[in-house]
Amino acid sequence: VQLQASGGGLVQAGNSLRLSCAASGRTFSTYVMGWFRQAPGKEREFVAAILGSGDMSYYSADVEGRFTISRDNAQNTVFLQMNSLKPEDTAVYYCARRSSGSIYSINSYAYWGQGTQVTVSS
């Protein structure tokens, strides 16, 4: 399984970015997909996740109401629309495929993309 994240960049606070994560494999629609982020000097943390069907999504308290996760199973791609960005959203963002366990736990995800840098200036 290969995950390729893209879409990061440098934006001013209040603006938006859309991240994409393209996955290989034929069973993409059966897996929960998640986004995590890691800021300098901090641990990697959960941002959002979406069920394989796309029917349900989950968010951290820090991003709920500003970020939206979605997926296109026909294109094996998961997205993270990030609106009203804040400087504290600056981090490397990773997409990941869950194997088992809690949707919110980093340990539940066995496959990871390479990360894409998001920098929000004030």
Side-chain angles (χ1 to χ4, degrees):
V1 175
Q2 291 186 327
L3 302 174
Q4 182 72 37
S6 61
L10 171 64
V11 296
Q12 289 189 326
N15 285 353
S16 300
L17 274 177
R18 188 191 197 204
L19 306 184
S20 300
C21 175
S24 64
R26 297 184 178 183
T27 57
F28 177 76
S29 64
T30 65
Y31 289 98
V32 171
M33 296 296 296
W35 286 96
F36 289 74
R37 68 186 182 185
Q38 187 167 17
K42 296 188 177 181
E43 294 185 350
R44 195 170 299 188
E45 64 178 8
F46 173 82
V47 175
I50 187 168
L51 298 186
S53 63
D55 290 346
M56 289 288 294
S57 54
Y58 307 82
Y59 299 92
S60 71
D62 288 343
V63 309
E64 185 148 24
R66 299 188 297 121
F67 291 11
T68 302
I69 188 171
S70 61
R71 65 191 298 159
D72 182 342
N73 286 340
Q75 298 295 324
N76 278 20
T77 303
V78 62
F79 305 97
L80 186 67
Q81 177 67 44
M82 306 186 295
N83 298 331
S84 303
L85 282 161
K86 305 175 181 180
E88 50 264 43
D89 294 318
T90 295
V92 177
Y93 284 71
Y94 298 89
C95 61
R97 195 186 85 174
R98 193 190 73 148
S99 294
S100 63
S102 169
I103 282 176
Y104 302 96
S105 173
I106 190 173
N107 295 321
S108 301
Y109 295 78
Y111 296 97
W112 293 82
Q114 83 289 3
T116 185
Q117 176 71 47
V118 172
T119 303
V120 185
S121 63
S122 57

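Please read all numbers here as calculations on a predicted model, not as lab measurements. For the numbers below, each heavy atom of this structure counts, side chains included, while hydrogens, waters and symmetry mates do not.
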| message | Looking at Y109, I'd like to know if the NZ or CZ of R44 sits under 6.0 Å from its six-membered ring centre while staying within 45 degrees of the ring's axis. | response | no
| task | Please answer: with hydrophobic residues joined when any side-chain heavy atoms are less than 4.5 Å apart, are L3 and V92 in the same cluster? | result | no
N83 and Q81 have their tightest heavy-atom pair at OD1-NE2, 2.9 Å
What I'd like to find out is whether the side chain of M82 reaches to under 4.5 Å of the side chain of V11, using heavy atoms alone.
no
For R37 and V63 the tightest heavy-atom approach is NH1-CG1, 3.9 Å
Between L85 and R66 the two heavy atoms that sit nearest each other are CA-NH1, 3.9 Å
### Query
Tell me, do C21 and W35 make a side-chain contact under 4.5 Å, heavy atoms counted?
yes
Flag yes if Y59 and V32 sit in one hydrophobic cluster, no otherwise; membership is Ile, Leu, Val, Met, Phe, Trp, Tyr, and two members link when side-chain heavy atoms are under 4.5 Å apart. no
Output for pair (C95 SG, Y111 OH), nearest 0.5 Å, gives 14.0 Å
Rounded to the nearest 0.5 Å, the OG1 atom of T68 sits from the CG atom of L80 at a distance of 8.0 Å
Report yes or no: does R71 contribute a side-chain atom to a donor-acceptor pair with the main-chain N or O of L51 at less than 3.5 Å? yes
Closest non-hydrogen atoms of G8 and L19, given as atom of the first, atom of the second and distance, are N-CD2, 3.6 Å
Here the pair of heavy atoms bringing R98 nearest to Y31 is O-CD2, 3.3 Å
Per ring-ring contact (aromatic ring centres under 6.0 Å, His included), F36 is matched among Y94, W112, Y93, Y104 by W112
ask   = Does T90 use its side chain to pair, donor to acceptor, with the backbone of V120 at less than 3.5 Å?
value = yes
| request: May I ask you to decide if T27's main-chain N or O and T30's side chain share a donor-acceptor pair within less than 3.5 Å? | output: yes
Exercise. Any donor and acceptor pair, going by atom type alone, linking the side chain of Q114 with main-chain N or O of Q4 inside 3.5 Å?
Worked result: no
- Task: Report yes or no: does S108 contribute a side-chain atom to a donor-acceptor pair with the main-chain N or O of S100 at less than 3.5 Å?
- Result: yes
* Ignoring hydrogens and angles, tell me if any N or O in the side chain of N73 forms a donor-acceptor pair with the backbone of F28 under 3.5 Å. => no
query = Does any non-hydrogen side-chain atom of T116 lie less than 4.5 Å from one of S6?
reply = no
Would V118 and V47 show up in the same hydrophobic cluster when neighbours are defined by side-chain heavy atoms closer than 4.5 Å?
yes
Of all heavy-atom pairs linking S122 and P87, the shortest is CB-CG, 3.8 Å
Assigning hydrophobic clusters by single linkage (Ile, Leu, Val, Met, Phe, Trp, Tyr; side-chain heavy-atom cutoff under 4.5 Å), is M33 placed with I103? no
Looking at side-chain heavy atoms only, is the closest gap between D72 and F79 below 4.5 Å? yes
